[in-house]
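For reference, the structure discussed in these notes is given below.
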Number of protein chains: 2
Amino acid sequence: MKESKTTGEILREEREKKGLLLRQVAAMLDIDTAILSKIERGERKASKEQIIKLAEILELDEEALIVQYLSKKILYEIKDEELGSKALKAAEQKMKYNNKNNS
Amino acid sequence: MKESKTTGEILREEREKKGLLLRQVAAMLDIDTAILSKIERGERKASKEQIIKLAEILELDEEALIVQYLSKKILYEIKDEELGSKALKAAEQKMKYNNKNNS
DNA sequence: ATTATATTTGACACTTATTGTCAAGATAAA
DNA sequence: TTTATCTTGACAATAAGTGTCAAATATAAT
C-alpha cells in the first residue's frame, strides 16, 4: 500500500535537491531554523504565507501545495467526528449554493 | 430567494416555542445568559457540547444540528480561499481513502 | 408612567492554541 | 576531532476562544 508523500517530505526533498540549507530557507521565510526543521518533519504545520513562500523558493506548484494545506486543515477539524463525512458533503452543498447566489 | 435559517435562529425559535427564558436555558448549559444571547444572534458560536445539550433541551434533531455545526466550521476555514472548493473535494477524497484502509 | 423582568451590549478576565526564539544536544561531513 | 548542520525541548509572546459581570435597552405587567 503506497502512501503518498507528506507536505513536509516534499519540502525537504526539494530543498535538498536545490542544495539549500535549513538555515538559508528559514532566513527567506524569516523564521528560526528550528521551525522549518519541524515543519519538514511534520511536527509543526506551516502557515499559509509560509507555504506560498516555500512554493516560490522551491519552485513547486503553489496551487497544489495550498490545496493540500487547506484540505489537511479541513480534515483536522473533523478527524474525530463520526459525522465528518456528512459535514463535508453539507459544506460542499452550501458552497455551491453560495456561489450560485453571490457571483 | 429563500435563505435557510441559521442555527441561532432555530435555537431561538424553539426556545421561545417552549416558553423558556434565556436565563433558564443558559443555566442548564452552565453558562452566562449573555453568551446564549450571542449564540442565538450569531455573534458567537456554540461549542459542540453546547450544541448537544441544546438539542436535548429543545428536543431538536441532534445529528442535523451537529452536521450544521461542523459544516459551518469547515466553511469558516476556507471562507476567503479561492481554492476552497478544490480543497473540499480533496478532503473528501482523502477521507474516502482513509476509510478504505483503516476500517 | 412606573416597576419588574428579560435581553443585549461591551469591557474585561481566563484559558488554550499558535507561532516564534534560544541554546544545548545529536548527526554527519571534512 | 573539529566544524557545520540539524534536532530537540523549554520557554516567551501573541492570538483566538470562551467565559463573567454590570450597565444599557427593550418588553411586559400593574
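The figures here come from the full heavy-atom set of this structure, side chains too, leaving out hydrogens, waters and symmetry mates. Numbered from 1 within each chain, the chains take letters A, B, ... in sequence-line order. Note that the coordinates shown come from a computational prediction; the quantities given were computed from them, not determined experimentally.
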Using a strict 4.0 Å threshold on nitrogen-to-oxygen distance, state whether Lys18(A) and Glu59(A) make a salt bridge. yes
Counting only non-hydrogen atoms, which of residues 23-47 of chain A are less than 4.0 Å from DNA chain C? Ile31(A), Asp32(A), Ala34(A), Ile35(A), Arg44(A)
Could you measure the distance from the CD1 atom of Ile35(B) to the CD atom of Glu43(B)? Nearest 0.5 Å is fine. 11.0 Å
Between C1' on dA16(D) and CD on Glu77(A), what's the gap in Å once rounded to a whole number? 13 Å
Does NZ or CZ of Lys79(A) come closer than 6.0 Å to the centre of the six-membered ring of Tyr76(A), within 45° of the ring's axis? yes
Which residues satisfy the salt bridge (charged side-chain N to carboxylate O under 4.0 Å, His left out) test with Glu56(A), sequence neighbours excluded? none
Between CZ on residue Arg15(A) and CG on residue Leu20(A), distance to nearest 0.5 Å: 7.5 Å
Protein-nucleotide distance (Arg12(B), atom CZ; dA6(C), atom C1'), rounded to Å: 10 Å
Whole angstrom value for the distance that separates P of dA16(D) from NZ of Lys73(B): 16 Å
Rounded distance in Å - CG (Leu20(A)) to P (dC6(D)): 10 Å
Thr7(B): which of Arg12(B), Glu40(B), Gln68(B) passes side chain to side chain donor-acceptor pair (under 3.5 Å): Gln68(B)
Can you check the Lys72(B) NZ to dG17(D) C1' distance for me, whole Å? 18 Å
Spacing of Gln50(B) atom CD relative to dG17(D) atom P, expressed in whole Å: 14 Å
Value in whole Å for how far the C1' atom of dT9(C) lies from CG of Leu22(B): 13 Å
